Colleague: 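First, the structure itself, so that you have it in front of you.
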There are 2 protein chains.
Amino acid sequence: MTRSATRERLFAAAIELIAESGLAATTVDQIAARAGVAKGTVYYNFGSKAELFSALLEFGVERLAATLRDAVAGRPPLEALEAAVAAELAFIGEHEPFARLLIAETWRSGGDWQRAARLIRERAVEVLAGALRDAVAAGVLRRDLDVATAASAVFGMVLTVALDWRALQPERPVDDVRATLMDLLRGRLVP
Amino acid sequence: MTRSATRERLFAAAIELIAESGLAATTVDQIAARAGVAKGTVYYNFGSKAELFSALLEFGVERLAATLRDAVAGRPPLEALEAAVAAELAFIGEHEPFARLLIAETWRSGGDWQRAARLIRERAVEVLAGALRDAVAAGVLRRDLDVATAASAVFGMVLTVALDWRALQPERPVDDVRATLMDLLRGRLVP
DNA sequence: GGCTTTGTACTGACCGGTCAGTACAAATCT
DNA sequence: AGATTTGTACTGACCGGTCAGTACAAAGCC
């Protein structure tokens with residue numbers, strides 16, 4: 001088997017297992033078994049459990065960030081923001097275990113990878129921040145908006161809502177959920 | 001020493017240690033030492049490490065929910081919502097490690113423990129949902145607002161923003177962060 | 001064509017350390 | 001006097017990480 005194919009199988013296995021039980025509770029033996037691979041192969045492809053995890057995080061977040069960038073590209077400011085939110089929602093719908101892993105593990109305290117994990121997550125948030133900045137520059141959002149905090153808020157809001165949606169009412173159409181999020185974003189709360 | 005006094009000391013010790021090193025990295029021996037208690041005492045008072053942590057989670061969420069209920073009590077609808085958000089933010093500022101524990105444990109996908117953790121979290125979200133319902137009833141929010149989704153969104157938004165705040169710019173005043181959150185909530189994004 | 005060599009990917013038994021949990025007799029509350 | 005705590009010693013399962021060895025295809029060699 002090719003190296004990259006093996007790596008991807010390990011990624012997929014690790015994402016599932018970590019989403020279920022957490023990083024600390026997931027053993028390297030489990031990951032290897034789920035991927036249909038010997039334990040040594042994990043250490044041949046990645047130097048350590050931590051390295052595997054950080055590569056996995058990197059891989060997943062890069063895909064999320066790319067999805068967001070694609071959604072934003074070439075759209076006018078406010079529409080771009082909404083497209084990004086819709087894209088984040090869709091991504092989570094398709095990669096639910098990864099989303100669980102992301103929300104659960106980026107806020108764990110402890111290890112060295114912790115800081116790195118947070119920086120990786122920033123890449124996704126940064127796309128939202130960019131969209132917000134553009135909107136501010138175009139004058140469609142308040143000039144004194146705290147872009148960093150707002151981006152973090154939008155990201156977290158979408159992530160939480162998406163996971164609640166998947167867990168509690170998965171049969172509900174995406175568009176429904178997206179509409180509620182848009183209303184919140186646009187300040188359509190007030191009658 | 002009385003049984004409950006010992007329990008409280010163990011509790012305090014466990015919280016401190018989680019603040020320093022995280023949940024997974026904290027050993028029972030450490031907890032006992034920090035509490036100035038023999039290891040056997042931990043197992044006399046709690047049957048296992050898991051039981052100790054589950055009691056901790058229960059204890060913490062109940063305090064968070066109580067804090068939110070206090071903040072909401074006797075306030076007019078919109079002000080109540082704002083007070084709840086401020087209270088959640090302040091609570092997380094003061095109990096950061098607990099907030100991390102909460103966010104990490106409620107989003108797993110398997111097992112009974114996860115379901116229980118989820119139900120516990122609901123208690124806090126429910127307070128926000130109540131405030132939103134009151135506001136809808138009072139006519140200050142849209143009649144057709146999806147209260148459950150909105151409550152989840154607000155809770156997740158505040159949690160994410162609060163942890164980002166603590167991690168990236170802890171010296172920033174709470175009021176600053178709270179103001180941005182309230183602007184988002186009230187739709188004051190647009191100039 | 002047959003042969004050796006080389007590089008890459010993978011295997012799985014094994015090791016050493018860690019840590020939850022146990023045991024229990026003696027001390028100390030209340 | 002019964003409930004609670006102490007102190008210490010111990011067990012054994014588990015787990016991250018290692019390493020000598022296998023498989024095998026492509027490349028060089030005669």
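All of these numbers come straight from a predicted model, not from anything done at the bench. By convention in this document, chain letters (A, B, ...) are assigned in the order of the sequence lines, proteins followed by strands, and residues within each chain are numbered from 1.
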Colleague: Under a 4.0 Å N-O cut-off, is there an ion pair linking B/E82 with B/R75?
Modeller: no
Colleague: In residues 33-48 of chain A, what residues come within less than 4.0 Å of DNA chain D, judged by heavy atoms?
Modeller: A/K39, A/Y43, A/S48
Colleague: Can you tell me the distance, in whole Å, between the CZ atom of A/R3 and the P atom of C/dT11?
Modeller: 13 Å
Colleague: Using a strict 4.0 Å threshold on nitrogen-to-oxygen distance, state whether A/E58 and A/R63 make a salt bridge.
Modeller: no
Colleague: Tell me the interatomic distance from A/K49, atom NZ, to D/dT18, atom P, rounded to whole angstroms.
Modeller: 15 Å
Colleague: Can you check the B/L52 CG to C/dC19 P distance for me, whole Å?
Modeller: 16 Å
Colleague: Over how many whole Å does the gap from A/E51 atom CD to D/dG17 atom C1' extend?
Modeller: 13 Å
Colleague: Please report the distance, rounded to the nearest Å, between CG in A/D29 and C1' in C/dA13.
Modeller: 12 Å
Colleague: Is the phosphate of D/dT5 approached by B/T6 (side-chain N or O, under 4.0 Å from OP1 or OP2)?
Modeller: yes
Colleague: Could you work out, with side chain to side chain contact (heavy atoms under 4.5 Å, CB included) as the rule, every residue matching B/V125, not counting sequence neighbours?
Modeller: B/R121, B/A151, B/F155
Colleague: Determine the contact category for B/S4: base if any of its heavy atoms lies under 4.0 Å from a base atom, sugar-phosphate if only primed atoms, P, OP1 or OP2 are that close, otherwise nothing.
Modeller: nothing
Colleague: On DNA chain C, does the nearest nucleotide to B/T27 precede the nearest nucleotide to B/T2 from the 5' side, or the other way round? Give the residue.
Modeller: B/T27
Colleague: According to a hydrophobic-cluster definition based on side-chain heavy atoms being under 4.5 Å apart (Ile, Leu, Val, Met, Phe, Trp, Tyr only), do A/M182 and B/M157 belong together?
Modeller: yes
Colleague: Do A/R178 and A/E88 sit within salt-bridge range, that is, some charged N less than 4.0 Å from a carboxylate O?
Modeller: no
Colleague: Apply ring-ring contact (aromatic ring centres under 6.0 Å, His included) to B/F91 and list each qualifying residue two or more places apart in sequence or on a separate chain.
Modeller: B/H95
Colleague: Whole-Å distance between C/dA9 P and A/R9 CZ?
Modeller: 16 Å
